[in-house]
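The structure appears below as structure tokens.
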Amino acid sequence: MNQALYLFLDMMTGMIISIMVVSNTLLGQATTMGVSLIVNHMIGLVILSLILLLGRKRPAINGPGRKVPWYLMFNGLFGLAILNLNYTTVVHTGASLAMASTVFGQSFCSLVFDLTGWMGMQKRSLNRTKIFSLSISAIGIIIMASGGTANFAFLYVMLGILAGALTMTQMVLNSTLALYEGPIRASHRNFIGGLLAGLVFYFLFQKDATIVGIKTIPQIPLLLILGGGTLAAFVVVSTSYVIVKVPAVYSALLLSSAQILMSLLIDYLFFDSFSLPLLIGALLMLLGMAGNLAADRKPRP
């Protein structure tokens, strides 16, 4: 029963990630990407702080309180790179191709974690079926990139793959941190690190644009201001709770399936865009990831 709940939560998280990325991008276009990151982290931090305050007497909220290794303290820094990479790929390729390349990076990175057993993930072996399945996913990415209308589509696909790899790495690190502090407190630390990194980076390198962007916030719909940060809080908490409970390749499959399908729907409904190559490529990606799942579940002789 618990396993089914974890898998369902993975699917829900994948769908929400697609909505969150588009929401962050729209807020970034209305202000700046730096303002989008700062606002989203501040909102997420407020939400998680309230949860910690109201649930301070609950062990499930406060976590085990174990000593945290130093290298897990800086996990929030990944958010700065991920948000900017997602912004760039969505703007230049659309939600479908951006999400497809990102989830391929997540899937590939999840195999690395499974093969090495790094950060406490279950160690698994690589066989011909998995190699073949991953190749099918790669063909899907190539088809989607060839069907894109943006210039230098392959460059943005590579950036999307990098964003996916960083996202999966951050998820695993945050999930490992949750073993020491609990999901809520670990996510709270994640948002603090991301907010501090964003403030330093954008006020050092994009000070004028950031100030101008902040001044435009009162003109932006409240839902757009609150949406990204609220969804981000859910995503960070849910992934930190689930990732260590489900093998990385399972999580990658479920997160990827939900993200691709939701992003195709977003492109069709809100961006008035739909491409058969994108659909074919997405289905090939799902087929390849399903092959990895089947290979992983096959009993060993």
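Just the heavy atoms: all of them, side chains too, but no hydrogens, waters or symmetry mates, feed the values below.
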Nearest heavy atoms of T210 and V35, plus distance in Å
O-CG2, 3.5 Å

Please name the pair of heavy atoms, one in P183 and one in V237, separated by the smallest distance, quoted to 0.1 Å.
CB-O, 4.1 Å

Could you see if L27 belongs to whatever hydrophobic cluster contains V46? Use Ile, Leu, Val, Met, Phe, Trp, Tyr and a side-chain cutoff under 4.5 Å.
no

Hydrophobic clustering (ILVMFWY, side-chain heavy atoms < 4.5 Å, transitive) - are I19 and L222 grouped together?
yes

Distance-minimising heavy-atom pair for A165 and C109
O-SG, 3.6 Å

Is there a side-chain contact between P69 and L72 in this structure, where contact means two heavy atoms from C-beta onward sitting under 4.5 Å apart?
yes

Distance in Å, M262 CE paired with I17 CD1, rounded so as to fall on 0.5 Å steps:
11.5 Å

Test I47 against I51 for side-chain contact (heavy atoms from CB on, under 4.5 Å), laying out the working first.
CA-CA 6 Å; I47 293 173; I51 294 174; 4.2 Å; yes

Look up atom OG1 in T102 and atom CG in L159, then write down how far apart they are to the nearest 0.5 Å.
9.5 Å

Go through the steps for F113 and T169 under the test side-chain contact (heavy atoms from CB on, under 4.5 Å), then give the verdict.
CA-CA 9 Å; F113 279 113; T169 301; 4.0 Å; yes

Step-by-step side-chain contact (heavy atoms from CB on, under 4.5 Å) determination, V212 to T31:
CA-CA 8 Å; V212 171; T31 56; over 6 Å; no

CG of L226 to CD1 of I43: how many Å apart, nearest 0.5 Å?
4.5 Å

Taking a hydrophobic cluster as the set of Ile, Leu, Val, Met, Phe, Trp and Tyr residues connected by side-chain heavy atoms closer than 4.5 Å, whether directly or through intermediates, do L54 and L48 fall within one such cluster?
no

To the nearest 0.5 Å, what is the distance between CD1 on I82 and CG on L37?
10.5 Å

To check you understand the geometry: which heavy-atom pair defines the closest contact between N40 and F191, and what is its length?
O-CE2, 4.0 Å

Salt bridge between R66 and E181, side-chain N to carboxylate O under 4.0 Å?
no

Could you grab the distance from atom OG1 of T176 to atom CE of M171, nearest 0.5 Å is fine?
13.0 Å

L223 atom CG, neighbour heavy-atom count above 12 within 6.0 Å
no

Rounded distance (nearest 0.5 Å) linking atom CG of L287 with atom CD1 of I280
13.0 Å

Treating N75 as the side-chain partner and Q170 as the backbone partner, does any N or O pair qualify as donor plus acceptor under 3.5 Å?
yes

same_hphob_cluster(V236, L53) at 4.5 Å side-chain heavy-atom cutoff:
no

Residues F78, N174; criterion side-chain contact (heavy atoms from CB on, under 4.5 Å); working and verdict
CA-CA 11 Å; F78 282 88; N174 201 50; over 6 Å; no

For a quick test of reading the model, state the closest non-hydrogen atom pair linking I136 to L284 and the distance between them.
CG2-O, 3.3 Å

Any side-chain donor paired with an acceptor under 3.5 Å for S238 and T13?
yes

Report whether M33 and F205 are members of the same hydrophobic cluster (ILVMFWY, side-chain heavy atoms less than 4.5 Å apart, transitive linking).
yes

Of all heavy-atom pairs linking F203 and I38, the shortest is CE1-CD1, 4.1 Å

Where the side chain of S36 meets the backbone of T32, is there a donor-acceptor pair that is under 3.5 Å apart?
no

